[in-house]
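These notes concern the structure reproduced below.
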Amino acid sequence: MSLPVLVLLVFAMRRAKGVVEMLVKAYIETRTEREQRATMVAMAQSLPNGGAAARFEEGRPAWLFRKDAADPAGHRAVATREAA
């Protein structure tokens, strides 16, 4: 192999590494968000007499998870993106 091909290969590998790192970071952030949301829904469902749980992002309420006392057992907690 000639030198220009090797240089091109090195730059192509660096670019591919950057793309893979970006995809892995996006996957981890998405997975973390799903796990946090599932935790909050489970917490709101476990409230015995109804109530609400809020999730804060950057010091401001971002998600509101609530359970009404009149909801039947096993009913999924309501989750809204509105500020609490």
Query raised in the report: Listed by chain and number, what are the side-chain contact (heavy atoms from CB on, under 4.5 Å) partners of Arg34, not counting sequence neighbours?
Result: Thr30
**Report entry** By side-chain contact (heavy atoms from CB on, under 4.5 Å) - contacts of Arg14 (at least two apart)
**Finding:** Val10, Phe11
Report task. Return each pair, listed once, that meets side chain to side chain donor-acceptor pair (under 3.5 Å) where at least one residue sits in residues 17-29; pairs must be two or more places apart or across chains. Result -> Tyr27-Arg31
